[in-house]
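One structure below.
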Amino acid sequence: MKKDLLRADRKMENIESLKKEYQKIKKDIINRLETFQKTGSQGSDIDLFIEMVFCLLTPQAKARSCAEALDDLVHSKKLYIGNEKEISVRLNRTRFKNKKAEYIINVRNRFLKNGKVNLRSWLFKEKEAIRIRENLVKNIKGMGYKEASHYLRNIGLGHEMAILDRHVLKSL
């Protein structure tokens, strides 16, 4: 009985600590979400494509390393014209670089035609975020539910979805 009360006290302390931390960074979170919303509503097809590639790179890798690798791919133009090996070499900062290079080639072949990215029309065939997510998971190799949910969040959609992974679940 006493152990249960101690556990409950610790949980309450953690919740209060989390609430205080949230208040400190609330404005930053709101600003970031507004940036995501602009990407989805005003961003170009290339912006949507680059965000998709970023989400394909991040599973089991550090986001910062993936962002650096993606910047390298964009600036070198290898994202648009590189072969699988040329892309893989630039993904050294990420895990599973060969598989992820394959995924990039697949989405590029699907959405880049005659030097122009055409993603928005495919992406927004469906109006509901949950259906868009299903399309992503079903049609984009390397895109699971978690990555698809991150992608939707990063383009300002899917507010009604929670992104739960083992780390979040463990904390709950």
Side-chain angles (χ1 to χ4, degrees), residues 28-159 161-168:
D28 294 333
I29 292 170
I30 291 168
N31 288 338
R32 188 71 171 139
L33 292 172
E34 287 172 355
T35 300
F36 290 154
Q37 183 68 39
K38 285 180 185 172
T39 299
S41 64
Q42 301 169 16
S44 68
D45 280 56
I46 291 173
D47 295 329
L48 295 172
F49 177 73
I50 289 171
E51 191 61 47
M52 180 177 283
V53 171
F54 176 72
C55 289
L56 287 170
L57 293 177
T58 57
Q60 297 187 18
K62 294 181 182 338
R64 193 173 314 273
S65 298
C66 294
E68 291 168 1
L70 182 56
D71 283 345
D72 184 25
L73 286 171
V74 170
H75 288 91
S76 69
K77 307 282 191 241
K78 296 298 180 191
L79 180 61
Y80 310 107
I81 60 171
N83 63 36
E84 203 168 311
K85 178 136 178 78
E86 291 171 320
I87 290 172
S88 177
V89 166
R90 294 178 182 271
L91 298 180
N92 278 333
R93 301 172 190 97
T94 68
R95 294 184 71 200
F96 314 111
K97 64 181 187 166
N98 296 327
K99 205 68 177 151
K100 291 176 181 181
E102 176 189 329
Y103 299 155
I104 291 170
I105 295 291
N106 285 336
V107 308
R108 187 178 72 193
N109 289 342
R110 181 177 196 118
F111 299 113
L112 183 68
K113 304 285 186 224
N114 302 320
K116 186 175 179 185
V117 176
N118 187 7
L119 176 55
R120 183 176 293 281
S121 61
W122 178 85
L123 193 60
F124 294 107
K125 282 187 299 192
E126 298 288 347
K127 301 295 180 222
E128 297 173 25
I130 201 110
R131 290 182 189 256
I132 296 171
R133 183 177 68 174
E134 289 297 326
N135 267 346
L136 289 165
V137 171
K138 182 178 169 187
N139 295 295
I140 306 299
K141 191 172 183 178
M143 182 84 60
Y145 283 98
K146 182 179 166 190
E147 292 79 24
S149 298
H150 277 123
Y151 179 66
L152 290 175
R153 185 221 34 219
N154 291 1
I155 62 169
L157 299 174
H159 304 293
M161 291 182 241
I163 304 171
L164 301 176
D165 65 9
R166 64 188 174 100
H167 307 292
V168 173

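Numbering of residues begins at 1 and proceeds along the displayed sequence.
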Worksheet item: Between atom OG of Ser44 and atom CD1 of Ile50, what is the distance when rounded to the nearest 0.5 Å?
Response: 7.0 Å
Worksheet item: From Leu123 CG over to Leu136 CG, what is the distance, rounded to the nearest 0.5 angstrom?
Response: 6.0 Å
Worksheet item: For Thr35, which residues count as a side-chain contact (heavy atoms from CB on, under 4.5 Å) partner, sequence neighbours excluded?
Response: Arg32
Fill in: Counterpart residues, side chain to side chain donor-acceptor pair (under 3.5 Å), relative to Asn139 (two or more places apart)
none
Discussion item. Looking at every heavy atom in both Leu48 and Thr39, which two are closest together, and how far apart are they?
Written reply: CD2-O, 3.9 Å
Practice prompt. Locate the shortest heavy-atom distance separating Ala129 from Leu152; write the atom from each residue and the value.
Written response: O-CD1, 3.5 Å
Worksheet item: What closest approach, in Å, do Ser88 and Asn98 show between heavy atoms, and which atom pair accounts for it?
Response: OG-OD1, 2.5 Å
Fill in: Asn83: side-chain contact (heavy atoms from CB on, under 4.5 Å) partners, not counting sequence neighbours
Lys85, Glu86
Discussion item. Could you work out, with salt bridge (charged side-chain N to carboxylate O under 4.0 Å, His left out) as the rule, every residue matching Glu34, not counting sequence neighbours?
Written reply: none
Worksheet entry | Qualifying salt bridge (charged side-chain N to carboxylate O under 4.0 Å, His left out) pairs with a residue from residues 114-128, counting only residues at least two apart or across chains | Glu128-Arg131
Discussion item. Please report the interatomic distance CD1(Ile140) to SG(Cys55), rounded to the nearest 0.5 Å.
Written reply: 12.0 Å
Discussion item. Between Lys100 (side chain only) and Leu56 (backbone N and O only), is there a donor and an acceptor less than 3.5 Å apart?
Written reply: no
Discussion item. So, using side-chain contact (heavy atoms from CB on, under 4.5 Å) as the criterion, who are the partners of Lys99 when residues are at least two apart?
Written reply: Phe96, Glu102, Tyr103
Practice prompt. Provide the closest heavy-atom pair for Pro59 versus Glu147 in the form atom of the first, atom of the second, distance.
Written response: CG-OE2, 3.2 Å
Worksheet, complete the sentence: Residue pairs passing the salt bridge (charged side-chain N to carboxylate O under 4.0 Å, His left out) test with at least one member in residues 44-71, sequence neighbours excluded, are Glu68-Arg93
Discussion item. Within the 4.5 Å heavy-atom criterion, are Leu157 and Arg133 side-chain neighbours or not?
Written reply: no
Worksheet item: Do you know which two heavy atoms are closest between Gly82 and Ile87, and how far apart they sit?
Response: O-CD1, 3.7 Å
Worksheet entry | Taking every non-hydrogen atom, the tightest pair across Ile130 and Met161 | N-CE, 3.8 Å
Worksheet item: Which pairs, with at least one residue in residues 31-55 and sequence neighbours excluded, count as a ring pair (Phe, Tyr, Trp, His ring centres under 6.0 Å)?
Response: none
Worksheet item: Listed by chain and number, what are the side chain to side chain donor-acceptor pair (under 3.5 Å) partners of Thr94, not counting sequence neighbours?
Response: none
Worksheet item: Which residue pairs pass the ring pair (Phe, Tyr, Trp, His ring centres under 6.0 Å) test with at least one member in residues 119-145, sequence neighbours excluded?
Response: Phe111-Trp122
Worksheet item: In chain order, what residues pass the side-chain contact (heavy atoms from CB on, under 4.5 Å) check against Leu112, with sequence neighbours excluded?
Response: Tyr80, Arg108, Val117
Worksheet item: Can you name the residues that form a salt bridge (charged side-chain N to carboxylate O under 4.0 Å, His left out) with Lys146, not counting sequence neighbours?
Response: Asp165
Discussion item. Rounded to the nearest 0.5 Å, what separates atom CG in Asn154 from atom OG in Ser149?
Written reply: 10.5 Å
Worksheet entry | Side-chain touch Leu79/Arg90, heavy atoms, less than 4.5 angstrom | no
Worksheet item: Only one of Ile104, Leu91, Thr58, Val53 clears side-chain contact (heavy atoms from CB on, under 4.5 Å) with Leu70; which?
Response: Val53
Worksheet item: Just how far is it from atom NZ of Lys38 to atom CD of Gln42, taken to the nearest 0.5 Å?
Response: 6.5 Å
Worksheet item: From His150 NE2 over to Ile163 CD1, what is the distance, rounded to the nearest 0.5 angstrom?
Response: 4.0 Å
